[in-house]
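Taking it in order: structure first as structure tokens, then the write-up.
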Amino acid sequence: MAEKVNCHGVAEDGEDESCCRHGPGYADPLDAMRNGPREKILYIQCPSLTEGRPDFLATVDVDPESESYSTVIHRLPMRYVGDEIHHSGWNSCSSCYDRPSVRRSHLILPTLNSDRVYIIDTLTNERQPTIFKVIEPEEVHSVGNASFLHSSHCLASGEVMISSLGDKDGKARGGFILIDTKEWKLKKNWEKDGKPAPFGYDFWYQPRHNVMISTEWGAPWAIKSGFNPDHVAQGHYGSFLNVWNWTTHELVQRIDLGLDGKAPLEIRFLHNPDEEQGYVGCGTGASVFRFFKTKDGRWDAEKVIQIIPKKVDNWLADQMPGSITYITISLDDRFLYFSNWFHGDIRQYDITDRRKPRLVGQLFIGGMISKDTQVKVTEDTELKDQPDPLIVNGKRVEGGAQMLQLSLDGKRLYVTSSLYRIWDEQFYPDLVKKGSFLLQLDVDTDKGGLTLNRNFFVDFGAEPDGPALAHEMRYPGGDCSSDIWI
């Protein structure tokens with residue numbers, strides 16, 4: 001029997017669904033921030049590290065009033081081995097707020113390695129989700145000419161759009177596939193006449209400004225072979241923002257971010273749909289760019305944050321650059337957070353002055369420059385000393401800060417450590433041996449600041465079927481990176 005859900009798609013005893021006068025999500029970002037419930041569970045994609053074992057979707061109890069707080073309460077194994085489930089999205093979100101008949105009921109799990117798409121039923125029992133359907137790679141290849149599937153967003157039309165990094169043969173192709181959520185079938189590509197961008201990765205749309213902007217990681221074959229600086233120099237990684245006409249689905253402009261903007265990854269418009277600007281984090285460039293609409297109606301970008309490389313001994317090179325692998329923005333558009341995977345820190349910036357972000361919080365979660373590693377920092381313009389390793393519940397936290405998820409009220413930040421298994425093996429071999437983690441930070445939303453909550457620690461190295469990685473996180477009722485207001 002299905003649990004009753006409130007108008008936000010969250011299970012709630014005793015509420016009659018007929019009371020709803022709107023669709024999923026919230027009227028606007030501040031409504032979500034002020035009136036959204038505190039998160040009680042998280043869904044986390046977990047690539048398996050055990051040979052012959054499939055990846056799984058973990059349900060984690062994050063309710064401090066619960067007896068099972070800070071534990072995995074359910075594991076949903078995928079049907080095949082080697083998928084590499086990575087990012088996720090919903091069948092509907094706040095973009096469907098004006099459609100009362102729509103419910104947030106299914107979590108969409110694209111895969112990187114197998115090109116499958118898993119459709120997960122979270123409505124019937126949100127604490128024990130089940131596989132509803134699997135869209136097989138043959139359909140993805142034949143209908144969408146797509147592979148290496150990444151970001152998933154729901155559209156106001158009721159469709160789901162997923163970005164891809166490759167074509168059916170694995171060559172670089174920044175396209176988008178559409179899923180009809182009534183029949184749960186793959187439709188034609190979103191891009192007009194099947195004309196993609198050269199590279200793909202993430203995307204964010206804003207119909208009020210008739211625009212979608214997508215980003216560029218790299219060619220799937222290059223990513224799958226591990227990070228190689230020569231591949232960057234040879235042009236196998238992107239450095240452009242791709243600007244699309246939302247109405248006609250045409251690529252109308254490409255913004256070159258240059259060397260400092262190599263591998264632009266997560267992109268975020270400000271949540272206020274009237275805003276004509278946002279930010280993108282650049283992985284290899286170790287920078288954050290602000291993008292914005294100009295007076296002549298075109299789009300442009302400017303660098304607003306740069307992580308300075310550290311001079312080091314006993315590493316792959318004599319300088320260790322930063323690596324911004326994820327960014328997110330609070331629902332009131334006041335704070336921007338990013339993870340610096342190589343160095344290991346999470347940073348919080350006050351972006352009230354959109355052109356001049358101000359660092360107000362920083363906390364090291366693992367990383368390759370901890371004092372107990374073989375890496376010795378010989379010159380550092382930011383730190384006086386190498387950070388201590390992070391020990392929680394007697395265990396050293398392996399890897400570096402990577403995926404982030406912020407609570408609706410902006411007061412709690414969750415973090416995991418895995419990027420992509422092949423890259424994890426390359427840069428953090430102990431992470432692959434010992435497994436990933438889930439941590440929670442308390443956020444000072446007044447003056448800024450980050451503090452580790454030592455009462456919360458989920459060790460994916462202690463999984464019953466062997467160690468696992470932990471990647472992106474979702475709340476059943478939506479979050480800062482899944483919901484788009486239009």
Side-chain angles (χ1 to χ4, degrees), residues 86-87 112 148 150-151 163 165-166 172 174 197-203 213-242 254-268 279-291 301-312 315-328 336-347 366-369 375 381-382 399-404 417-428 471:
H86 192 69
H87 281 217
L112 293 181
F148 215 73
H150 194 267
S151 298
S163 61
L165 278 68
F199 295 98
Y201 185 71
D202 196 24
F203 67 100
I213 302 181
S214 63
T215 60
E216 303 183 334
W217 187 3
W221 67 265
I223 296 169
K224 289 181 178 181
S225 64
F227 180 70
N228 184 337
D230 290 341
H231 291 161
V232 178
Q234 293 164 3
H236 300 303
Y237 283 77
S239 61
F240 284 77
L241 298 183
N242 298 295
R254 302 190 71 224
I255 304 171
D256 188 358
L257 303 182
L259 290 177
D260 289 344
K262 278 291 184 182
L265 300 178
E266 262 65 30
I267 187 166
R268 303 286 183 257
Y279 299 89
V280 59
C282 302
T284 305
S287 62
V288 174
F289 277 73
R290 168 183 168 261
F291 61 88
E302 61 180 355
K303 187 175 68 172
V304 293
I305 300 172
Q306 179 70 59
I307 298 177
I308 306 302
K310 303 179 188 298
K311 291 187 177 180
V312 296
W315 195 62
L316 303 174
D318 58 4
Q319 287 193 340
M320 183 187 293
S323 180
I324 298 177
T325 53
Y326 196 83
I327 70 168
T328 195
L336 178 147
Y337 303 83
F338 70 67
S339 54
N340 179 13
W341 193 57
F342 278 2
H343 298 166
D345 55 319
I346 298 171
R347 303 192 187 192
M368 289 187 281
I369 61 168
V375 174
T381 60
E382 295 180 321
Q402 213 288 94
M403 295 301 295
L404 306 175
S417 53
S418 170
L419 192 152
Y420 176 52
R421 176 170 177 170
I422 292 172
W423 288 38
D424 294 343
E425 291 175 345
Q426 181 178 2
F427 293 106
Y428 290 108
H471 199 68

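Note: Trp341 and Tyr428 have perpendicular aromatic rings, judged against thresholds of 30 and 60 degrees for the angle between ring planes.
Paired with Tyr279 under the rule side-chain contact (heavy atoms from CB on, under 4.5 Å), one option of Ile305, Val304, Ile267 passes, and it is Val304.
With sequence neighbours excluded, the residues forming a ring-ring contact (aromatic ring centres under 6.0 Å, His included) with His86 are His150, His471, listed by chain and number. Partners of Gln426 under the side-chain hydrogen bond (donor to acceptor under 3.5 Å, both in side chains) rule, at least two apart in sequence or in another chain, do not exist in this structure. Remark: Glu425 engages Arg421 in a salt bridge (charged side-chain N to carboxylate O under 4.0 Å, His left out) (not counting sequence neighbours).
Rounding to the nearest 0.5 angstrom, the gap separating the OG atom in Ser239 from the CZ atom in Arg254 is 7.5 Å. Distance check, rounded to the nearest 0.5 Å: CD1 of Ile369 to NZ of Lys310 gives 4.5 Å. With rounding to the nearest 0.5 angstrom, the CG atom of Asn242 is 4.5 Å from the CD atom of Glu216. In this structure, Glu266 CD and Ile324 CD1 are separated by 11.5 Å, a value rounded to the nearest 0.5 Å. Between Ile346 atom CD1 and Asn340 atom CG the span is 10.0 Å, to the nearest 0.5 Å. For the atom pair NE2 (His236) and CZ (Phe199), the distance works out to 8.0 Å, reported to the nearest 0.5 Å.
Put simply, the side chain of His343 gets close to the backbone of Pro321: a donor and an acceptor are under 3.5 Å apart.
When all heavy atoms of Ala301 and Leu257 are compared, the closest pair comes out as CB-CD2, 3.7 Å. For the pair Ile327 and Gly281, the tightest heavy-atom approach, listed with the atom from each and the gap, is CD1-N, 3.8 Å. Closest of all the heavy-atom pairs between Leu404 and Tyr326 is O-CE2, 3.2 Å.
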In a table with atom names and distances, give each donor-acceptor pair under 3.5 Å that connects a side chain of residues 282-291 to protein atoms at least two apart or in another chain.
unit_1: Ser287; atom_1: OG; unit_2: Asp260; atom_2: O; d: 2.4
unit_1: Arg290; atom_1: NE; unit_2: Gln277; atom_2: OE1; d: 2.8
unit_1: Arg290; atom_1: NH1; unit_2: Glu302; atom_2: OE2; d: 2.7
unit_1: Arg290; atom_1: NH2; unit_2: Gln277; atom_2: OE1; d: 3.2

Residues 218-230, side-chain donor-acceptor partners within the protein, below 3.5 Å, at least two apart:
unit_1: Ser225; atom_1: OG; unit_2: Trp221; atom_2: O; d: 3.3
unit_1: Ser225; atom_1: OG; unit_2: Ala222; atom_2: O; d: 2.8
unit_1: Asn228; atom_1: OD1; unit_2: Asp230; atom_2: N; d: 2.8

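Counting heavy atoms from C-beta on, the side chains of Ile307 and Arg347 come closer than 4.5 Å. Under the 4.5 Å side-chain criterion, counting only non-hydrogen atoms from C-beta, Leu265 is in contact with Trp217.
Between the side chains of Ser151 and Asp202, at least one donor-acceptor pair of N or O atoms lies under 3.5 Å.
The environment of CG in Leu316 is crowded: more than 12 heavy-atom neighbours from other residues, nucleotides or ligands sit within 6.0 Å.
Residue pairs meeting the side chain to side chain donor-acceptor pair (under 3.5 Å) criterion with at least one partner in residues 315-325, sequence neighbours excluded, are Thr325-Ser339, Thr325-Gln402.
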